[in-house]
Amino acid sequence: MSGAFVFGWGASAATGRWRANRAQCWPVSETGRRCSGQRHSGWAPPLTFASARFHRRPRSRTLSRSVSSSMRMAAEFDYDLVIIGAGVGGHGAALHAHNKGLKTAVLTGKDPGGTCVNRGCVPSKALLAAAGRVRDLRAADRMRAMGISIDGRVHYDRQAVSNHANGLASRVRGNLVNSLKALGVDVIEARGRLLSPRAVQLVDGRTASGATEITARDVILATGSVPSIPPGIRTDGETVFTSDEALRLDWVPDWVAIVGSGYIGLEFSDVYTALGSQVTFIEAAPRLMPALDAEIARIAERLLIAPRSIDYHTGVFASKIVPGVAGKAPVRIEVVHAESKQLVDTLEVDAALIATGRRPYTEGLAIEAMGVELLRGGFVPTDEHMRVLHKSGQPIEHLWCIGDANGKMMLAHAASAQGVSVVEHLSGNSEYRLNHQAIPAACFTHPEISMVGDTEQQAQERAKADGFELGKAVGHFRANSKALAENEAEGIAKVLYRKDSGQLLGVHIVGLHAADLIHEAANAMSAGIPVHQLAFAVHTHPTLSEVMDEAFKAAAGMAAH
Ligand SMILES: Cc1cc2nc3c(=O)[nH]c(=O)nc-3n(C[C@H](O)[C@H](O)[C@H](O)COP(=O)(O)OP(=O)(O)OC[C@H]3O[C@@H](n4cnc5c(N)ncnc54)[C@H](O)[C@@H]3O)c2cc1C
Ligand SMILES: NC(=O)c1ccc[n+]([C@@H]2O[C@H](COP(=O)([O-])OP(=O)(O)OC[C@H]3O[C@@H](n4cnc5c(N)ncnc54)[C@H](O)[C@@H]3O)[C@@H](O)[C@H]2O)c1
């Protein structure tokens with residue numbers, strides 16, 4: 001256990017006033033004293049902890065607001081809110097905290113922008129955009145059908161594509177940090193370690209005034225995740241790598257095995273095949289893209305797998321992978337049956353991308369010292385308000401966790417929305433609850449896949465359990481003028497709803513710009529607008545949104561125009 005601090009003066013949750021509160025014993029810090037007391041037990045909910053301070057140092061003088069809660073806070077804490085981690089989750093929380101007038105600091109570690117900006121959404125979408133253009137230009141038949149011919153071969157400059165992706169990441173990272181600083185949020189280049197739920201030690205860094213410990217009325221953990229690599233797989237970052245390295249596009253292997261056909265696997269198969277690689281998927285589940293609605297996965301397989309240089313093994317694990325030497329010795333992959341664990345194949349390929357999920361990153365946080373028992377896979381246990389749960393099951397007062405680290409929904413916009421929801425609570429809106437069921441997701445392949453809510457199978461199970469009849473309606477890209485004009489008229493939008501009330505349960509789209517189209521449905525779900533009402537919403541003609549219109553009207557028994 002790498003934590004610090006001991007016991008001290010705690011705040012009473014009931015009165016908000018300070019009282020002497022012998023809380024809990026932790027290992028001693030450089031500045032603290034060893035505690036000889038026993039473990040604390042029998043806490044009443046919510047749990048409160050000591051402020052972890054014996055000696056007070058001068059407070060920060062950057063109080064620029066006149067909000068009365070902040071004035072109250074300033075006497076007791078350095079900040080209203082300290083956020084550990086400046087990924088999209090931490091950034092979203094900080095922006096909203098600024099809106100609410102909270103005095104806020106964000107600890108960036110060495111990595112402002114986090115996964116999404118540096119090794120995730122941003123560079124991957126830049127690669128997908130470039131690869132998509134290459135694919136389009138090489139689709140001679142499709143181009144010819146629109147009266148366009150391309151003379152000569154289509155080339156791409158690998159280094160320039162890589163620069164496009166990584167240059168964009170650094171631009172967005174700069175914008176993210178500057179946006180916080182411009183608003184007066186203290187951006188502290190340091191890693192955070194919890195001394196107590198309301199006190200943070202700055203590791204490898206300090207505040208502008210030189211402090212190495214800060215206190216806050218509330219602390220949000222937003223420390224994200226890192227790739228999860230199954231046992232038996234050895235990565236060398238060159239021939240066997242994760243998305244962290246793949247995004248650098250140091251080379252384009254002729255033949256790449258992709259272990260896992262989730263979001264990362266699928267998006268990289270789109271990039272690699274556009275750039276000329278042959279791909280072999282190794283997927284543990286019985287079918288490719290196991291997390292997708294089954295019907296959508298079938299269509300996606302027809303559009304994204306079958307016409308491309310892709311083959312696959314399903315129902316198998318990559319049990320052992322030994323790196324090769326680029327251009328000299330192949331990567332060796334042993335593939336075993338998912339159930340019997342019998343060896344079924346040994347592959348030799350140029351490279352292997354490991355895309356088997358991500359695990360939360362909580363190293364060095366000393367979260368266990370707060371009495372937290374991490375969940376399976378290492379996720380931080382939280383309740384529906386993102387309050388961190390003590391191993392007793394009670395929320396720990398003033399300690400919150402958002403984003404990938406809590407594992408509720410490992411998406412950038414979900415992390416940010418969770419941050420907003422915590423700040424709503426801190427600002428007195430304790431009724432606010434983030435509805436994860438209405439948060440959409442998208443896979444940015446060509447064409448895209450998007451979804452919100454239940455899959456058809458989940459909706460069927462819900463209908464059976466709750467005793468209602470499930471409705472299903474479909475809109476088609478093939479009947480859409482805009483999609484036909486683009487010569488990309490493949491795919492469907494599927495709407496699942498309760499027949500009795502019209503309540504939307506799930507919407508799934510595969511087709512051109514599906515990632516943008518999903519929001520009408522997601523917002524309707526969030527606002528509780530029934531499908532029969534959506535059927536009367538007017539959509540611009542000709543747009544792809546009419547695919548949704550067709551599905552909504554079909555649900556209401558109306559003919560689409
Ligand atoms: C290849 C790839 C593509 C993706 N594409 C998408 C996409 O298109 N859309 C989407 O919604 N999601 C996408 N994701 C997922 C998305 O990146 C994550 O869901 C999102 O980044 C989670 O945000 P977060 O704030 O929880 O964590 P992160 O973005 O990981 O940020 C956490 C930050 O905390 C820092 N940190 C950790 N410990 C400490 C500490 N002790 N002190 C201070 N700082 C600390 C880390 O260094 C990091 O900067 C993608 C992920 C990958 C890998
Ligand atoms: N567009 C997006 O929103 C986007 C893009 C990329 C990543 N992400 C996020 O990043 C996270 C990680 O993505 P991911 O694709 O790595 O994970 P994932 O959970 O989406 O998919 C992992 C896949 O790997 C398979 N698998 C696991 N172990 C295996 C093994 N040993 N052998 C063979 N197959 C195995 C699983 O069955 C699963 O299909 C996701 O949770 C996602 O939310 C989102």
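Just so you know, ligand 1 is whichever comes first in the structure, and atom 1 is the first atom listed for that ligand.
Taking each of Thr356, Thr314, Leu266, Thr445 in turn, the one with a heavy atom nearest to atom 27 (C) of ligand 2 proves to be Thr356. In this comparison of Glu267, Arg358, Lys125, the heavy atom closest to atom 10 (O) of ligand 2 sits on Arg358. Here the shortest heavy-atom distance to atom 51 (C) of ligand 1, taken over Gly407, Ala246, Gly120, belongs to Gly120.
Looking at ligand 2, you'll find an N or O of Met410 within less than 3.5 Å of one of its N or O atoms. The N/O atoms of Gly357, backbone and side chain alike, include one that comes under 3.5 Å of an N/O atom in ligand 2. At a 3.5 angstrom cut-off on N or O pairs, Pro112 does not count as close to ligand 1. Annotation: Arg358 places no N or O atom under 3.5 Å from an N or O atom of ligand 1; distance criterion only. Polar contact check, His413 against ligand 1: a nitrogen or oxygen pair lies under 3.5 Å apart. When only interatomic distances are considered, the shortest N/O to N/O separation between Ala442 and ligand 2 falls below 3.5 Å.
Contact check for Arg332 versus Ile321: no side-chain heavy atoms found under the 4.5 Å cut-off. For the pair Arg158 and Leu249, the minimum side-chain heavy-atom distance is below 4.5 Å. Contact check for Ile233 versus Val240: side-chain heavy atoms found under the 4.5 Å cut-off. Residues Val200 and Ile84 form a side-chain contact, since some pair of their non-hydrogen atoms from C-beta on lies under 4.5 Å apart. Residues Ile282 and Ile258 fail the side-chain proximity criterion, which asks for heavy atoms closer than 4.5 Å. For the pair Thr215 and Tyr79, the minimum side-chain heavy-atom distance is 4.5 Å or more.
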Check: Going through the distances and angles, do Arg206 and Glu189 end up as a salt bridge (charged side-chain N to carboxylate O under 4.0 Å, His left out)?
Finding: CA-CA 7 Å; Arg206 52 192 59 225; Glu189 225 182 90; over 6 Å; no
Check: Passes side chain to side chain donor-acceptor pair (under 3.5 Å), His446 versus Glu488? Steps please.
Finding: CA-CA 10 Å; His446 297 85; Glu488 290 195 49; over 6 Å; no
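From the protein, the heavy atom lying nearest to atom 1 (C) of ligand 1 is Arg119 O, 3.6 Å. The protein heavy atom nearest to atom 22 (C) of ligand 2 is Ala355 O, 3.4 Å. Protein heavy atom in closest approach to atom 23 (O) of ligand 1: Val88 CG2, 3.4 Å. The nearest protein atom to atom 39 (O) of ligand 2, hydrogens excluded, is given as Glu283 OE1, 2.8 Å; this is a heavy-atom distance. Annotation: atom 19 (O) of ligand 1 to nearest protein heavy atom, Asp404 OD1, 2.8 Å. Looking only at protein heavy atoms, the nearest one to atom 31 (O) of ligand 1 is Gly87 CA, 3.3 Å. Protein heavy atom closest to atom 9 (N) of ligand 1, with residue, atom name and distance, is Cys121 SG, 3.8 Å. Ranking the protein heavy atoms by distance from atom 46 (C) of ligand 1 puts Asp111 OD2, 3.8 Å first. Nearest protein neighbour of atom 41 (N) of ligand 1, counting heavy atoms only, is Gly192 O, 3.0 Å. Of all protein heavy atoms, the one lying nearest to atom 28 (P) of ligand 1 is Thr115 N, 3.6 Å. Here the protein heavy atom with the shortest distance to atom 15 (O) of ligand 2 is Ile264 N, 2.8 Å.
When the shell of 6.0 Å around NZ of Lys125 is examined, it contains more than 12 heavy atoms from other residues, nucleotides or ligands. Other residues, nucleotides and ligands contribute more than 12 heavy atoms inside 6.0 Å of the CD atom of Glu384. Heavy-atom neighbours of Arg308 CZ from other residues, nucleotides or ligands within 6.0 Å: above the threshold of 12. Within a 6.0 Å radius of CD in Glu339, no more than 12 heavy atoms belonging to other residues, nucleotides or ligands are found. For Tyr312, the OH atom sits in a loose shell: 12 or fewer heavy atoms of surrounding residues, nucleotides or ligands are nearer than 6.0 Å.
Looking at Ala415 against ligand 1, only its side chain comes within 4.0 Å, counting heavy atoms. Of the heavy atoms in Met410, only backbone atoms (N, CA, C, O) come closer than 4.0 Å to ligand 1. Of all the heavy atoms of Ala190, the ones lying under 4.0 Å from any atom of ligand 1 belong exclusively to the backbone. When heavy-atom distances to ligand 1 are checked against a 4.0 Å cut-off, Ala412 comes that close through both its backbone and its side chain. By the criterion of a heavy-atom distance under 4.0 Å, neither the backbone nor the side chain of Val203 is placed next to ligand 1. With a heavy-atom cut-off of 4.0 Å, Tyr263 does not touch ligand 1 at all. With a 4.0 Å heavy-atom cut-off, ligand 1 is reached by the side chain of Ser124 but not by its N, CA, C or O. Using a 4.0 Å cut-off between heavy atoms, Pro230 contacts ligand 2 through its side chain alone, with no backbone atom that close. The proximity of Lys125 to ligand 1, defined as any non-hydrogen pair under 4.0 Å, is limited to the side chain.
A heavy-atom separation below 4.0 Å is not found between Lys110 and ligand 1. At least one heavy atom of Pro290 sits closer than 4.0 Å to an atom of ligand 2. Judged by the shortest distance from any of its heavy atoms, Val316 lies inside the 4.0 Å radius around the atoms of ligand 2. The closest approach between any non-hydrogen atom of Gly364 and ligand 1 is not below 4.0 Å.
Rounding to the nearest 0.5 Å places OH of Tyr263 at 9.0 Å from CD1 of Ile449.
At a threshold of 4.0 Å, the pair Asp78-Arg198 does not count as salt-bridged, since none of the basic side-chain nitrogens sits closer than that to a carboxylate oxygen. Between Glu301 and Arg287, none of the side-chain N atoms (NZ, or NE/NH1/NH2) sits under 4.0 Å from a carboxylate O, so this pair counts as no salt bridge.
Here the closest heavy-atom approach between residue Met548 and residue Val507 is recorded as CE-CG1, 3.8 Å.
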